[in-house]
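See below for the structure under consideration.
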Amino acid sequence: MGVVTDKRESLHKAISAIDHGMTVAIGGFGGAGFPTSLVSVLEKRRLHGLTMVSNNAARLEPMIESGMVARIICSFPFGGASDTLRKSIQNAGVEIRLLPQGTLSECLRAAGSGLGGVLTRVGIGTEFGEGREIVEVHGKKYLLEPALNVEVALIHASVADRWGNLVMRGTARNFNCVMAMAAAISVAEAAEVVEIGEISPERCDLPGIFVDKVVKTA
Amino acid sequence: MGVVTDKRESLHKAISAIDHGMTVAIGGFGGAGFPTSLVSVLEKRRLHGLTMVSNNAARLEPMIESGMVARIICSFPFGGASDTLRKSIQNAGVEIRLLPQGTLSECLRAAGSGLGGVLTRVGIGTEFGEGREIVEVHGKKYLLEPALNVEVALIHASVADRWGNLVMRGTARNFNCVMAMAAAISVAEAAEVVEIGEISPERCDLPGIFVDKVVKTA
Amino acid sequence: MAWSRDEIARRIASDIPDGWTVNIGVGIPTLVPRYIPQGREVVFHSENGILGMVPLREDESPDPEVIDAGKNAVSIRFGGSFFDSSVSFAMIRGGHIDLGIVGALQVSQNGDLSNWSTNERMIGGIGGAADVCSGVKQLWVAMMHTAENGTRKLLTDCTFPLTAVSVVCRVYSDLAVLERDERKWKVVTLSPGTDLLEVRNATGFPIDI
Amino acid sequence: MAWSRDEIARRIASDIPDGWTVNIGVGIPTLVPRYIPQGREVVFHSENGILGMVPLREDESPDPEVIDAGKNAVSIRFGGSFFDSSVSFAMIRGGHIDLGIVGALQVSQNGDLSNWSTNERMIGGIGGAADVCSGVKQLWVAMMHTAENGTRKLLTDCTFPLTAVSVVCRVYSDLAVLERDERKWKVVTLSPGTDLLEVRNATGFPIDI
C-alpha cells in the first residue's frame, strides 16, 4: 500500500511492450537525449514491420540492417548517414516519410494534446505541401498536417522518479517531451532514478503523467 | 556597447505602448501570476474600446467601470464577479466572447507559434461549436478555432533579467507564457530583476525571446 | 437517510482506484481529496497548472502563487509538478487524466452534461469544464439528485446549455450512485433508507436495477 | 579577389545588428558566430533547443547533451536557455527570430530557396530548414556564387526541390552581396577585384546596381 504507482521496470520488460508492426518513436537529436540503452535492447529483438518516428536514421542503422524497419517518419534521415546506410535503406525497401522538423514535432505534440492536427504555412509551394488539405483561416492558407500518434515512445532523461517525472539536461529535451506525450506507452530511461520528492515541482521537464515506464540505464 | 539588449523599462513607459482599441491580454489565474502593478497603471489611463483577453473579468472591474473595455475574450468571466460587476458589464454593453479555457490557451499558443488555429473536439455539440468550421481528420470531426493574436500582453513573473528571461513560481505560469508568445509586444513585471546569467538556462520558464519589456514591480 | 455532501465526497473517494490521476471541479468535488483512504495514491490535477495538489495543512501558510482552479490556496505533494496552461490542457484533452469529477446542473439520459449556465444566468463561465468533461477518460458527476425546489436535474434531455455531449459515466447524488451504459442507467447503490421508487420518481429517465 | 568562406562569414557577422536573435544553418553559417564584433550582443538560436549558443571555448570539455543542430558540441552563454523542440519551433514559425542564415544549392529570382536535395540525391533531409526559412523575419543566404564546375546557382527558377518560396532577402557569396526586392536584385557590395560583369555572368537573373 502507498507505493503502488511505481513505473520502474527492467529494460527488457519495458521493451517487451513493442510488437511487430508497431509505430515506435525514438527521442533524441544526435546523441543528445538519445535513449541508447532502450534502443540497444530493442535492436536485439527479432521484430519486423516497425514504423519508426525518429528525426534521424543514422542511429537506427542496426535495426535497418536486420530488417526490422518498414518505414521511417523523420525530417533528417541522412544526417550523418553513411553510404552503406543509404544503400541498406534502399535495398530493404524502407519507406521514408519526410516532414519538416517543426511540423514533425508539432504533430506529435498535437497527438498528445488531443488536437486533430496542425495548421502550418511551412511547406506551402514545396513538395511538403503536396497532397495536403489546405485550410484557410482569416484569408491565409495553411497546410493541414494530421496529428501523429505513436504506440510506444522510447525517450531519455537524466533523472527520473517512480512516478515518471523527468529532468533533462541541455539540449536533451528535443523530441523526448512531445514523443512521450504522443505515445500510448512511453518508456523513459534515466541514469539516475531518485525518490519521489527529490525532483522539484518547479524543475520537472516532463510531468510523470506523460510517462508509463521508467528504466534505469546500466 | 555590449549591454544594448536591455528590455527594462519604467511601468508607465511600458504601459504607454497600449492605445485605444487595442487587444490586450492580461495574464494570471485568480491572483496567481496576475500582473497587478501593470494593470494598476493601465487602469489609470483614459483609453477606450479595448478588447481584453483575460480568463476572468473580476480583476478588470475598474477598467470596465471606467468604460475602457469594449470586449472580453475569456473562459470564466464571472468567477468571483459581484452582481455590481455583472450589471456594469451589461450596462456598458461589454461584449463577452466565451471560449473553453483549453481552447483559449491553445489559440494563444498557436498565434505565438505561427500556426493558423486549433483543431479541437472540445465544444462539439454545444454552443461552443456553433458557427465554427468543422475539419475532418482521419474520419473524426474537429472544430477549427482560429489562432488568437494580441497586440499587447501584460504578464507576471517572480524573477526576470534584462533579456526578458522569466522564472515563475507555483501555479503562476498559467496564461502568462502563451499570452507573451501571442503578443506583438509583451510586457513582463517581476518583483526581482537580476543580472544576466543568474537565471539558469535549465530553469527559465519563458525564454526572453518572447518578452519585449521588463518592468520591476514597486 | 440521504447522503450529505461530505458523504457523497467520501463515497466517490473510496471508489477511486489506487494510482489514478484525477481532475476535480468546484462544489462537492473539492471535498473529495480529504476522503481518499490512507495509503492510497491518488494524484489530483487542477487545470490552472498543478499535478499532485493536496489540501493546505492547518499549520501551513497559504502561498498566493499556489492555488487550485477554484482560487483556493492549496499545497503540492512530493512527486507533484507545476506547468503552464497549454501543458495542463494537453494533459486534459490528450486523455492523460483518468477521471474527472464535476458538479452538474443537469445530466441527460444520453450522458450530456450542463454545469455552467442556466438559461437565465451564466454561473462563472465555461472555464475548463468543457475541456475536462470532453477530455478525461471517465467523468463522474457529484450532485444533489434534485434542485432545492424539487425540480429534476436528471432528465431525458438537458434544457440548459450543454458543457459536453455523452460524457457522464456515473452520478453520485445524495440518493444514489447511478451508472450509465449508452442510454441505459442502473443503480449501483442506494443511500441508506432510500428506495428505488424514490430515486425513480426523482429522475427524469428510466433506471434499471 | 573573391571572398573566402571565412570572409563571407565575417561580412555577414558585421552586418547583423546589435540585439538580434539569429538561427544559423550548417555550412558557412556555422562560421558566423566567431566573427561577431566584440561587444555586439547577437543571440544564436539552434532549433534543437538552445538560445544563446556560443562556440565551445578551447579549454572547455564538450558536453554530449549540449550540441547544435549540426550535432557539434557547443556552449551556452549567460542569458541563454534550453527548451524542447515544440517551443523551439514556436520561436521559429512564430516570427520571434530576427534572422536566419542558411546555405543554398539554388536561389531563384523570386527568392525561392533550394538547399536540401538535388534531384538525384537528398543531402541530409529537410530537417528544420523549411521551418526556419518560412518562419524567420529575414533570411540571408551564405553560398559560393556558382557550383564547383561553374554551374550557376542563382537562377530564374530553381530546378532542385524547394525548401521555401520567396524568402531569400540577401545573398552573401564569394563574389558579392546581393539584395532582393520582389523580383529585383541589386548589388550591395562586390568582393575586391570582382566587377559587376563577372557577377552578372555568374548569375541567372538580372542584377541592378
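A, B, ... follow the sequence lines: proteins, then strands. Residue 1 opens every chain.
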Minimal non-hydrogen separation, [X] against [Y], with atom names:
X: B:Arg173; Y: C:Phe82; value: NH1-O, 3.6 Å
X: B:Cys177; Y: C:Asp84; value: CB-OD2, 3.7 Å
X: C:Arg93; Y: B:Gly102; value: NH1-O, 3.4 Å
X: B:Phe29; Y: C:Ile67; value: O-CD1, 3.3 Å
X: B:Pro77; Y: C:Met122; value: CG-SD, 3.9 Å

Winner by heavy-atom pair count (cut-off under 4.5 Å) against chain B, out of [options]:
options: C:Ile50, C:Leu162, C:Thr163; answer: C:Leu162
options: C:Ala69, C:Gly70, C:Pro161; answer: C:Ala69
options: C:Ser166, C:Ser86, C:Ser81, C:Ser88; answer: C:Ser86
options: C:Gly49, C:Pro64, C:Gly125, C:Gly127; answer: C:Gly127

With a 4.5 angstrom heavy-atom cut-off, is it the side chain or the backbone of [X] that approaches chain B, or both, or neither?
X: C:Asp112; result: neither
X: C:Ala130; result: both
X: C:Ile123; result: backbone

Between [atom1] of [X] and [atom2] of [Y], what distance do you get to the nearest 0.5 Å?
X: C:Trp116; Y: B:Phe76; atom1: CH2; atom2: CZ; value: 11.5 Å
X: C:Phe83; Y: B:Asn174; atom1: CZ; atom2: CG; value: 11.5 Å
X: C:Lys71; Y: B:Asn56; atom1: NZ; atom2: CG; value: 4.5 Å
X: C:Ser134; Y: B:Phe128; atom1: OG; atom2: CZ; value: 10.5 Å
X: B:Thr126; Y: C:Ile126; atom1: OG1; atom2: CD1; value: 7.0 Å

Would you mind telling me which of [options] has the largest number of heavy-atom pairs within less than 4.5 Å of chain C?
options: B:Gly30, B:Pro100, B:Gly79; result: B:Pro100
options: B:Leu98, B:Val178, B:Asp205; result: B:Leu98
options: B:Glu106, B:His156, B:Arg169, B:Glu127; result: B:Arg169

For [X], which atoms come within 4.5 Å of any heavy atom of chain C: side chain, backbone, both, or neither?
X: B:Leu104; result: neither
X: B:Arg109; result: side chain
X: B:Leu108; result: neither
X: B:Thr120; result: side chain
X: B:Ala172; result: both

- [ ] Check the surroundings of atom NZ in C:Lys186: do more than 12 heavy atoms from other residues, nucleotides or ligands lie under 6.0 Å from it?
- [x]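 Atom NZ in C:Lys186 is not packed in, count stays at 12 or less.
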- [ ] Keeping the roles fixed (side chain from B:Gln101, backbone from C:Ala129), state whether a donor-acceptor pair exists under 3.5 Å.
- [x]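 No; judged by distance alone, with no hydrogens or angles, the pair does not exist.
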- [ ] Indicate yes or no: at least one non-hydrogen side-chain atom of C:Asp131 is less than 4.5 angstrom from one of B:Thr103.
- [x] yes
